[in-house]
Amino acid sequence: MSDTASRLRLELAEKIGSARWRKALDLVPRERFLGEAVYQCDKTRGDLWAPLRRANMPEDEWLALAYADETWVTQVAGVMAEGATGTVTGQPGSSSTLPSLVIRMLEAAEIEEGDKVLEIGTGTGYSTTLMCQRLGNEAVTSIEYDSVVAARARDAIIGAGYAPTLAVGDGLYGCEENAPYDRLIATCSVRTIPHAWMQQVRAGGTITVPIWGWMGGVAFAHLRMAGDGTATGPFLEDSLYFMTARSHLPPPRPPLVRGIGDARKTRIDPSILQGGAARWVAQLAVPQAQVSWGADATFLVDVGTGSRAEAQADPAGGWRVLQHGRVRLWDAVEEAIETWQEAGQPHQSGFGLTVTPEGQSVWLGTPDGPTWELPA
Ligand SMILES: C[S@@+](CC[C@H](N)C(=O)[O-])C[C@H]1O[C@@H](n2cnc3c(N)ncnc32)[C@H](O)[C@@H]1O
């Protein structure tokens with residue numbers, strides 16, 4: 001192992017500053033998990049990705065890249081960076097998340113020595129290996145959806161000298177093999193808490209996962225299992241987010257259709273939905289809807305029913321909305337936003353989530369406050 005890699009690793013660990021995970025950060029060589037290439041995003045176009053190859057740069061430059069506190073995308077549109085013959089267009093499918101964010105996740109999950117952990121989303125295997133280093137191989141199980149990503153992670157983890165339980169499959173079904181777990185963490189975001197997770201975490205154990213919805217609203221859940229098969233907890237202050245679980249991605253958004261529907265005045269400024277907490281609230285009200293912005297208007301569309309809303313400033317003052325279709329999207333959003341405004345416009349951490357076999361209720365303030373159901 002090179003002196004440069006060791007020095008950069010210690011510097012990164014120092015910068016991240018986590019006492020609990022310091023030794024693991026000092027010892028796990030991130031460069032092994034990046035393989036031979038990563039993608040760099042074109043600054044002018046968010047969906048265009050060029051491979052950066054280890055072989056095409058001085059070793060010190062590659063190591064500096066590996067120990068930068070940055071996310072490195074390793075797969076786009078199903079193509080691994082190593083296999084890319086040129087620029088690739090599409091969405092990232094896998095990455096090595098920036099180390100400080102991985103540590104925020106592990107810290108939020110309150111993982112301690114002696115805990116048995118299930119990780120959803122092995123990715124490159126870097127976070128899996130940090131856990132193996134601290135907790136021991138027997139304590140760590142990780143599942144990855146994509147078999148190519150999983151095989152690469154397996155090689156990297158074993159190559160680094162670790163041996164957790166590694167599974168390939170849809171992590172939304174958990175991994176029964178080593179259940180029950182003390183901690184379940186997901187390094188991919190979900191729309192709703194999968195039923196299987198509730199069955200595979202012991203009473204008193206925790207599920208830590210970012211909730212992400214089709215409007216892009218995010219809240220970071222840390223739920224504790226009660227003995228009766230339910231789980232509850234307030235959302236955390238850290239609004240961290242990982243790429244969405246593949247099975248929870250939104251359907252393609254249909255083209256915009258402007259100027260249709262019934263018109264009325266609206267009491268809320270549509271641009272409010274650009275803020276993180278407001279978007280989270282709107283998403284609670286219309287979880288099947290997707291949002292987009294034009295130069296002068298905010299658009300909602302519910303792909304399932306074809307319902308739409310178009311809201312914008314009214315030249316006569318205030319704002320107005322056009323609503324089309326069976327689901328009155330804006331009515332629901334307006335009501336939820338006003339409820340949130342009356343409560344003082346709290347951050348997502350002012351909400352909590354209770355999951356039972358019957359449903360998944362997000363509550364505002366306390367469990368007996370205003371509630372919304374996450375999608376089934
Ligand atoms: C942000 S990456 C994980 C980062 C990783 N823990 C690391 O340290 O490199 C998210 C990963 O979750 C995986 N994933 C997405 N949906 C999944 C699912 N339903 N089950 C298991 N893995 C999933 C993706 O394929 C991707 O590799």
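Each residue takes its place number in the sequence, starting with 1. We count ligands from 1, going down the list as the structure has it; atoms in each ligand are counted the same way.
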Problem - Given Glu110, Glu113, Glu112, the one that forms salt bridge (Lys or Arg N to Asp or Glu O under 4.0 Å) with Arg20 - result: Glu112
Practice task
Could you check which of Pro194, Pro92, Gly171 puts a non-hydrogen atom nearest to atom 20 (N) of ligand 1?
Solution key: Gly171
Practice task
From atom 26 (C) of ligand 1, work out which of Ser189, Gly93, Cys188, Pro99 has a heavy atom at the shortest distance.
Solution key: Gly93
Exercise for the section: Tell me, please: is Thr128 in heavy-atom contact with ligand 1, that is, under 4.0 Å? Expected result: no
Would you mind listing which atoms of ligand 1 come within a distance below 4.0 Å of any non-hydrogen atom of [X]?
{"X": "Ala245", "value": "15 (C), 16 (N)"}
{"X": "Gly169", "value": "20 (N), 21 (C)"}
{"X": "Ser96", "value": "9 (O)"}

Tell me, which protein residue and heavy-atom name are nearest [atom], and how many Å apart are they?
{"atom": "atom 23 (C) of ligand 1", "answer": "Tyr145 CB, 3.6 Å"}
{"atom": "atom 19 (N) of ligand 1", "answer": "Asp170 OD1, 2.8 Å"}
{"atom": "atom 6 (N) of ligand 1", "answer": "Ser127 OG, 2.7 Å"}
{"atom": "atom 10 (C) of ligand 1", "answer": "Thr187 O, 3.4 Å"}
{"atom": "atom 4 (C) of ligand 1", "answer": "Ser95 O, 3.4 Å"}
{"atom": "atom 5 (C) of ligand 1", "answer": "Thr122 O, 3.3 Å"}
{"atom": "atom 25 (O) of ligand 1", "answer": "Glu144 OE2, 2.5 Å"}
{"atom": "atom 12 (O) of ligand 1", "answer": "Gly121 CA, 3.4 Å"}

N/O separation below 3.5 Å, [X] to ligand 1:
{"X": "Phe242", "result": "no"}
{"X": "Ser94", "result": "yes"}
{"X": "Thr124", "result": "yes"}

Exercise for the section: Report yes if the side chains of Val301 and Ser292 come closer than 4.5 Å at any heavy-atom pair, otherwise no. Expected result: no
Handout entry: Contact check, side chains of Leu364 and Thr371, non-hydrogen atoms, under 4.5 Å
Key = no
Exercise for the section: Identify the heavy atoms of Glu334 and Ile268 that sit nearest to each other, and give their distance. Expected result: CA-CD1, 3.8 Å
Problem - Glu119 contact mode with ligand 1 (heavy-atom cut-off under 4.0 Å) - result: side chain
Practice task
For ligand 1, indicate whether the residue Ile143 contacts it via side chain, backbone, both or neither (heavy-atom separation under 4.0 Å).
Solution key: backbone
Completion exercise
From the list Ile185, Ile120, Leu101, side-chain contact (heavy atoms from CB on, under 4.5 Å) partner of Phe242 resolves to Leu101
Exercise for the section: Taking atom CZ of Arg326 as the centre, report whether more than 12 heavy atoms of other residues, nucleotides or ligands fall under 6.0 Å from it. Expected result: no
Completion exercise
Separation between CG (Leu374) and OG1 (Thr192), nearest 0.5 Å, reads 5.0 Å
Fill in the blank from the handout: For Leu135, the side-chain contact (heavy atoms from CB on, under 4.5 Å) test, sequence neighbours excluded, returns Ile111, Val117, Met131, Ala139, Val140
Handout entry: Passing option when Trp280 is tested against Trp372, Trp340, Phe235 for ring pair (Phe, Tyr, Trp, His ring centres under 6.0 Å)
Key = Phe235
Enumerate, atom names and distances included, each donor-acceptor pair closer than 3.5 Å involving a side-chain atom of residues 85-98, sequence neighbours excluded.
unit_1: Ser96; atom_1: OG; unit_2: Arg30; atom_2: NE; d: 3.2
unit_1: Ser96; atom_1: OG; unit_2: Arg30; atom_2: NH2; d: 3.1

